[in-house]
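Single-structure report; data block below.
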Amino acid sequence: MGVKNVLVSCDDGFGNTGYGDCYTDFEAPAGIISVPKGWTGDATSVATMKTALEALIIANVQSQRGYPVYAFVESDNSEDDVFQTFPNGAIRKVRDGNYDLTLRWLDGGFCLLYSLIQSQASKNRPFLIITKDGKLVGADAGNDLIAGIKPTLININKMKWNDGQNTSAYTMRINWEPSQTNKNIAFVDFSDDGGLGYFENSISGLQNVAILQGAARAANVVKVILKTSCGTVNLYDLFATELAATAAWAPVRTSTGNALTLTSVAGDANIKGFTLTFDASDPDYVATAGQLTIKLAGPATLAGLDVVGYEGGSLLQ
Amino acid sequence: MKAAETIGFSKEWARKHTKAEFIEQHKHQKDLVKDLGKEWEKLQEKQKPEKAAPSEQEQK
């Protein structure tokens with residue numbers, strides 16, 4: 001009988017145990033970045049990785065976006081390794097116990113919890129771990145690539161109420177098979193390139209922006225007000241000039257989804273909003289109420305206009 | 001903030017339409033842009049292709 005799929009010789013399966021003065025040690029997790037399934041990054045270059053991450057968190061397509069969450073380990077309920085004891089007293093290892101961490105955040109509070117609960121599609125997405133000492137930890141994808149860690153479970157825990165002695169708790173639970181971050185670990189060390197500070201300052205989640213009616217629609221002219229969904233900051237106060245640009249908006253006809261042409265966008269100081277003027281001669285334009293779906297351009301497009309860190313909702317007019 | 005900074009016109013749309021159409025389309029913005037005709041002209045100017053660099057032969 002021929003032997004197929006011969007494994008690497010056991011003679012080669014040794015790791016040398018020497019180490020230098022500067023050895024790798026991981027500090028506590030300080031957050032995670034949920035990444036798209038199949039995402040990989042170049043683990044050989046911090047600069048390349050920074051560029052990739054900065055593009056990832058503002059990707060226009062939600063399913064292709066990275067979602068960072070900064071949180072600390074509230075509790076470690078990781079499973080012990082599983083062993084079998086035989087009648088003769090011998091013991092053999094059956095499998096590794098899974099990691100099982102509960103992460104808790106303070107900044108972001110319920111706003112962040114609510115966003116994560118809403119992100120049903122992001123459950124069981126791969127994730128990268130950010131450590132306090134500025135390492136980005138993932139799984140080895142071969143060819144010097146780092147991939148997300150595939151979870152067995154990501155659960156956004158329900159809010160725990162303030163009981164008079166303790167603040168309300170917002171937490172999530174992540175569980176994963178440990179070989180991904182042990183034998184098959186891949187990590188990129190950012191400690192000499194900003195460390196954790198880089199992540200916290202440059203790799204932030206987007207804020208949702210609600211588009212509200214500023215005044216009743218008058219034919220092809222619509223007035224809107226933009227406010228962040230959590231915290232209700234009026235974006236006119238921050239980006240009156242930047243958002244007074246047709247490129248910052250992406251309105252569509254409601255019934256078809258076809259793009260509509262804007263001929264101008266103007267800031268309106270009276271309502272702290274914007275006046276959108278549509279091209280009534282656009283074949284996709286119709287005067288029927290509800291057929292104008294007002295949307296902002298995608299986050300990457302907005303970032304190109306110096307409106308960084310926002311994603312708009314929609315408004316029917 | 002200057003008024004000119006608070007309105008952004010579509011250059012593409014302006015290029016495809018006459019001054020009269022442009023003025024008609026944005027007449028509700030007269031408070032913000034007093035001379036819409038001049039604004040249209042400025043937008044047309046921005047659309048003009050830049051002068052091509054003289055060729056080596058021309059330089060000689």
Side-chain angles (χ1 to χ4, degrees), chain A residues 214-226 234-252 259-285 287 294 296-297 301-302 304-307 317, chain B:
Chain A
R217 174 182 169 184
N220 63 328
V221 178
V222 172
K223 287 183 181 288
V224 297
I225 295 168
L226 303 177
N234 190 326
L235 291 198
Y236 179 87
D237 292 331
L238 302 175
F239 305 110
T241 304
E242 292 84 349
L243 291 170
T246 55
W249 303 78
V252 297
L260 292 167
T261 302
L262 286 170
T263 66
S264 71
V265 177
D268 185 331
N270 292 325
I271 63 165
K272 286 196 169 187
F274 298 89
T275 303
L276 279 61
T277 304
F278 288 80
D279 179 4
S281 66
D282 181 341
D284 288 308
Y285 175 88
I294 316 295
L296 282 169
T301 309
L302 290 179
L305 298 168
D306 294 331
V307 181
Q317 285 289 281
Chain B
M1 186 180 295
K2 293 174 192 169
E5 289 176 345
T6 62
I7 186 161
F9 292 105
S10 165
K11 296 182 192 73
E12 294 77 17
W13 189 89
R15 186 179 56 183
K16 292 174 186 168
H17 291 78
T18 64
K19 185 189 285 188
E21 288 170 334
F22 182 84
I23 292 170
E24 175 65 20
Q25 172 75 5
H26 295 109
K27 60 186 179 188
H28 60 287
Q29 298 290 17
K30 273 185 178 172
D31 289 345
L32 201 59
V33 185
K34 290 196 169 57
D35 193 340
L36 282 164
K38 197 172 179 182
E39 192 65 36
W40 179 85
E41 287 165 11
K42 278 199 294 188
L43 291 165
Q44 300 301 313
E45 192 66 29
K46 286 178 186 171
Q47 294 300 321
K48 282 181 183 172
E50 287 179 19
K51 276 188 176 178
S55 66
E56 280 183 25
Q57 212 164 10
E58 284 172 332
Q59 283 178 332
K60 286 172 189 173

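Source: prediction; values computed, not measured. Lettering of chains follows the sequences in order, A, B, ..., and the numbering in each one begins at 1. Reckoned from all heavy atoms, side chains included, excluding hydrogens, waters and symmetry mates.
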_Between OG1 on residue B:T6 and CZ on residue A:F274, distance to nearest 0.5 Å_ = 9.5 Å
*Nearest-0.5 Å distance, CG of residue B:D31 to CG of residue A:D268*: 10.0 Å
*Find the distance between OG1 (A:T246) and NZ (B:K11) and round it off to the nearest 0.5 Å.*
7.5 Å
_Using every non-hydrogen atom in the two residues, find where A:A266 and B:L32 come nearest and quote the distance to one decimal._
CB-CD2, 3.5 Å
*Check: B:H26/A:T277 side-chain N/O donor and acceptor closer than 3.5 Å*: no
_Contact class of A:F278 relative to chain B, heavy atoms under 4.5 angstrom_ = backbone
*With a 4.5 angstrom heavy-atom cut-off, which part of A:N220 approaches chain B: side chain, backbone, both or neither?*
side chain
_Contact check, side chains of B:W13 and A:D279, non-hydrogen atoms, under 4.5 Å_ = yes
_Do B:H17 and A:T263 have side chains that approach each other closer than 4.5 Å (heavy atoms only, starting at C-beta)?_
no
*Has the side chain of B:Q29 got a donor or acceptor atom that lies under 3.5 Å from a matching backbone atom of A:T275?*
no
